[in-house]
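Convention: sequence-line order gives letters A, B, ...; per-chain numbering from 1.
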Amino acid sequence: MPKQKLSPLPSAAFQILLALVGEDLHGYGIMRNVAQQTEGRMRLGPGTLYSSIRALLEEELIEEVDHPRDPSARDERRRYYRLTSSGRKLARSEAERLADLLRVARSKNILRGDYV
Amino acid sequence: MSEVIFCLLFQLYPSHFRQEYGDEALQLFRDRTHNETGLWPSVRLWFDLLADLVISLPREYCYKRPDIATAPAKTCLNGTPTFFVFDTASPGRRPLLLGGLLSLITLVSFPRLMNEFGNFRPPSGWSFASPGAYERQGGDPQRPASGSEQGVQSPRGANPTLDATSRHRIIASAIASIKQHHIDPLEAQKAADALLAHERQGDDDSATSTEEFTRLATKQMREATGDHQLELLYSPRAIPERPSGPPPALPTAYRDEMRRVNCAFERVEILPHNVGYLKLNAFPDTSVCQATATAAMAKLNDVDALIFDLRDNRGGFPSMVSLIAAYLFDHPEYMYCPLENTTAESWTHSPVPGNKLANKPVYILTSPRTISAAEEFTYDLKMLKRATLVGETTAGANHAANLHAIGDNFYVATVEVRAINPYSKYNWNDTGVDPDFKVRAPDALTAALRLVDKRLHVE
């Protein structure tokens, strides 16, 4: 099996997968969701955004859709992307990997407070 | 304005990326500029874009498309080489223009560099008229440029500076050479006297460069003698002396080349309205090409008018000039040739038995490439009012003078034959032969056909 391009999953790609959970979005929508979910720390520029989208499409982790789930959000000029089941699985496993890391970090008492 | 800047920046991405996501990226930019107004958001937007450019640009150029990256190596089809194409789109106008420009510069600079730094000379087989022709009799192929071509005598900056002593030495050597080689001792004396008189009067004092001095001395000699072949030249590269004695036999390569190109008779055709058309690219040696020439003229024997296309004629042998010209007269006619002493052979062997071309109108197409023997043919027929010339002025080179080294890389060109020119004081050397009807060389055939048509129609 050929080595996957997204192994390990880059941060931008993971954020895009997370942004697409539950809704179909166009490029700018993804960028805005990523900025929101990272509290403005990650603002994807067009180069990074679309090269990540292309990699995710090639790995069939997301797909392009003609009609977004939310008809009111539909704009004919734009391309919409949707998370595939394998994309969801990968996002979940990545989240679990990060959760494991978090548990380790907690056990090492390197985090202040217990809000994370 | 900001959109234009963004588009320009986006042009830095590879074409496949631009084609696939160009519209979307622009839309994203528009969305951000629309929603992120004010100074700080604008600054942040441009910072994001530039940072993204720096990060993503190298990655995009390293990106391998899966259809190419995973494609199996192509096998050769019947041994034909195959190529992978990394871009499906045709190159745009800009890369094509740049590529074309670059190729042009390379093409132009390559021969120039070869000329400047190398000592490249094409093999003799490349030339139609090699030995025995105007070129050999007129001196060595490495003969330095003369007349209007003097600017190429030597690389810029390589010429030595001349003082009074060196000028005097050169003048003395030149006089000795002229007296030894010039065909007319009286003319030689006149040239010598002129050189010495001008030197005494201090006319040469300002000529400190070789170029200036050769030009000045040549002018002085020509004014005194009226001999426009007499010339003082300088060449930074040594020119070997032409071996004395009879010319060597024609090399086999020349014979083979002539056979290959049908003795330079490129086209022998009869055009509509019974107009004969002969495209002749050289005047080859008669010992090799007489049969071809005779056959060509026989084919054209019944035409009502004849066009000689000499626009690409690179010269050759006076014997062939005379042989072809013989068909155009019904009596022996003198063909002035600056290469040879005037003898009985200077007259054409006219009339040619069975020939019907002697009284037919003749047109000659000329161009700046028409040179040497082709100019003799053109000049003589023009002077004899036997042909109408259509096209551009010819090259202006008769290659009649021989070069003699006089030391310090200076050479004297002298004519060593006594050829009578009954037509004019000067021949075509330097000036070329002017056409009767001046048209661009590429349009000469059309113009000549129009003239033929008019003439035949009127008659």
A.B. asks: Measure the OG-CD distance between A/S51 and B/E60 for me, rounded to the nearest 0.5 Å.
C.D. replies: 5.0 Å

A.B. asks: Heavy-atom distance under 4.5 Å to chain A: side chain of B/F6, backbone, both or neither?
C.D. replies: side chain

A.B. asks: Checking heavy atoms, do the side chain of B/R32, its backbone, both or neither come under 4.5 Å from chain A?
C.D. replies: both

A.B. asks: Of all heavy-atom pairs between B/E20 and A/R79, which one has the smallest distance, and what is that distance?
C.D. replies: O-NH1, 2.8 Å

A.B. asks: Which pairs of donor and acceptor atoms, one on a side chain in residues 40-49 of chain A, lie under 3.5 Å apart (sequence neighbours left out)?
C.D. replies:
{"unit_1": "A/R43", "atom_1": "NE", "unit_2": "B/D48", "atom_2": "OD1", "d": "3.4"}
{"unit_1": "A/R43", "atom_1": "NE", "unit_2": "B/D48", "atom_2": "OD2", "d": "2.5"}
{"unit_1": "A/R43", "atom_1": "NH1", "unit_2": "A/G40", "atom_2": "O", "d": "3.1"}
{"unit_1": "A/R43", "atom_1": "NH2", "unit_2": "B/D48", "atom_2": "OD1", "d": "2.8"}
{"unit_1": "A/R43", "atom_1": "NH2", "unit_2": "B/D48", "atom_2": "OD2", "d": "3.4"}
{"unit_1": "A/T48", "atom_1": "OG1", "unit_2": "B/D52", "atom_2": "OD1", "d": "2.3"}

A.B. asks: I need the minimum non-hydrogen distance between A/G27 and B/E24, along with the two atoms involved.
C.D. replies: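 Minimum heavy-atom contact is N-OE2, 4.3 Å.
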
A.B. asks: Closest approach of B/L28 and A/Y50, non-hydrogen atoms and distance?
C.D. replies: CB-OH, 4.2 Å

A.B. asks: Any non-hydrogen side-chain atom of A/Y28 less than 4.5 Å from a side-chain atom of B/R30?
C.D. replies: no

A.B. asks: Take atom CD of A/Q37 as the centre, draw a 6.0 Å sphere, and report whether it contains more than 12 heavy atoms from other residues, nucleotides or ligands.
C.D. replies: yes

A.B. asks: Go through the atoms of B/L53 and report whether side chain, backbone, both or neither lie under 4.5 Å from a heavy atom of chain A.
C.D. replies: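 Neither part; nothing is under 4.5 Å.
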
A.B. asks: So does B/F47 have more than 12 non-hydrogen atoms from other groups sitting under 6.0 Å from CZ?
C.D. replies: no

A.B. asks: With the threshold set at 4.0 Å, does a side-chain nitrogen-carboxylate oxygen contact exist between B/D23 and A/R78?
C.D. replies: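 No, no charged N to carboxylate O under 4.0 Å.
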
